[in-house]
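Notes to accompany the following structure.
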Amino acid sequence: MSKLLPIFRIIAVLEGVSYILLLFIASPLKWFYDDPQYVKLLGMPHGILFMAYVVIAVLISSDMKWSTRTLWIVLIASILPFGTFYIDKKYLNKTSRA
């Protein structure tokens with residue numbers, strides 16, 4: 001098991017939460033109420049978390065013995081709302097118990 005797995009799980013959750021806040025709270029406030037302050041506030045942290053998620057996923061993929069298909073699923077999940085939570089439950093939680 002990869003030493004980066006606990007860090008990756010935390011990054012995955014934080015990335016997922018920041019994405020949901022950005023999509024469902026900050027963006028509607030920006031477009032419906034002309035208030036971009038929350039998008040500005042959440043945009044940079046989300047971007048950093050997204051990049052960290054992608055980099056760490058690639059780094060741990062060989063330690064986790066993920067196939068290329070599994071790695072692509074993990075990466076694509078980062079652009080889907082609630083996707084990182086699915087990845088944590090399906091691919092990361094099992095391996096942390098082993």
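Side chains included, hydrogens not; waters and symmetry mates left out as well; all remaining heavy atoms used. Everything quoted here is computed from the prediction, not taken from an experiment.
Within the 4.5 Å cutoff, side-chain heavy atoms of I11 are placed close to those of L49. Taking 4.5 Å as the limit, every side-chain heavy atom of L14 sits out of range of all side-chain heavy atoms of T84.
Here the CG atom belonging to L42 is positioned 12.5 Å from the NZ atom belonging to K30, to the nearest 0.5 angstrom. Residue L80 holds its CG atom at 11.0 Å from CD1 of I73, rounded to the nearest 0.5 Å. Distance check, rounded to the nearest 0.5 Å: CG of D88 to CD1 of I10 gives 10.5 Å. Between atom CG of residue L92 and atom CE of residue M64 there is a gap of 6.0 Å, rounded to the nearest 0.5 Å. A distance of 9.0 Å separates CD in E15 from CD1 in I20, rounded to the nearest 0.5 Å. In this structure, the separation between OG on S62 and CG on L71 is 10.0 Å, given to the nearest 0.5 Å.
Put simply, I79 and V55 are part of the same group of oily side chains (I, L, V, M, F, W, Y) that touch within less than 4.5 Å, one to the next. Tracing side-chain contacts under 4.5 Å through hydrophobic residues (I, L, V, M, F, W, Y), one reaches L29 starting from F32; they form part of the same cluster. I7 and F85 are members of different hydrophobic clusters when ILVMFWY side chains are connected at heavy-atom separations under 4.5 Å. Y33 and F24 fall within the same hydrophobic cluster, where Ile, Leu, Val, Met, Phe, Trp and Tyr residues are linked whenever their side-chain heavy atoms come under 4.5 Å apart, directly or through other members. Linking ILVMFWY residues whenever their side-chain heavy atoms come closer than 4.5 Å, directly or via other members, places L5 and I87 in the same cluster.
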Practice task
Before giving the answer on side chain to side chain contact (heavy atoms under 4.5 Å, CB included), spell out for N93 and R9 the whole-Å C-alpha distance, their side-chain angles and the decisive distance to 0.1 Å.
Solution key: CA-CA 9 Å; N93 199 17; R9 291 188 70 198; 3.5 Å; yes
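The heavy-atom pair separating S78 from L75 by the smallest distance is OG-O, 2.6 Å. The minimum heavy-atom distance linking Y91 with V74 is given by the pair CD1-CG2, 4.4 Å. Considering every non-hydrogen atom in both A26 and V39, the closest pair reads O-CG2, 3.5 Å.
Within the structure, every pair that satisfies the ring pair (Phe, Tyr, Trp, His ring centres under 6.0 Å) test and touches residues 35-64, not counting sequence neighbours, is listed here: F8-Y53, Y19-H46.
In terms of modelled atom types and a separation under 3.5 Å, the side chain of S27 and the main chain of L22 share a donor-acceptor contact.
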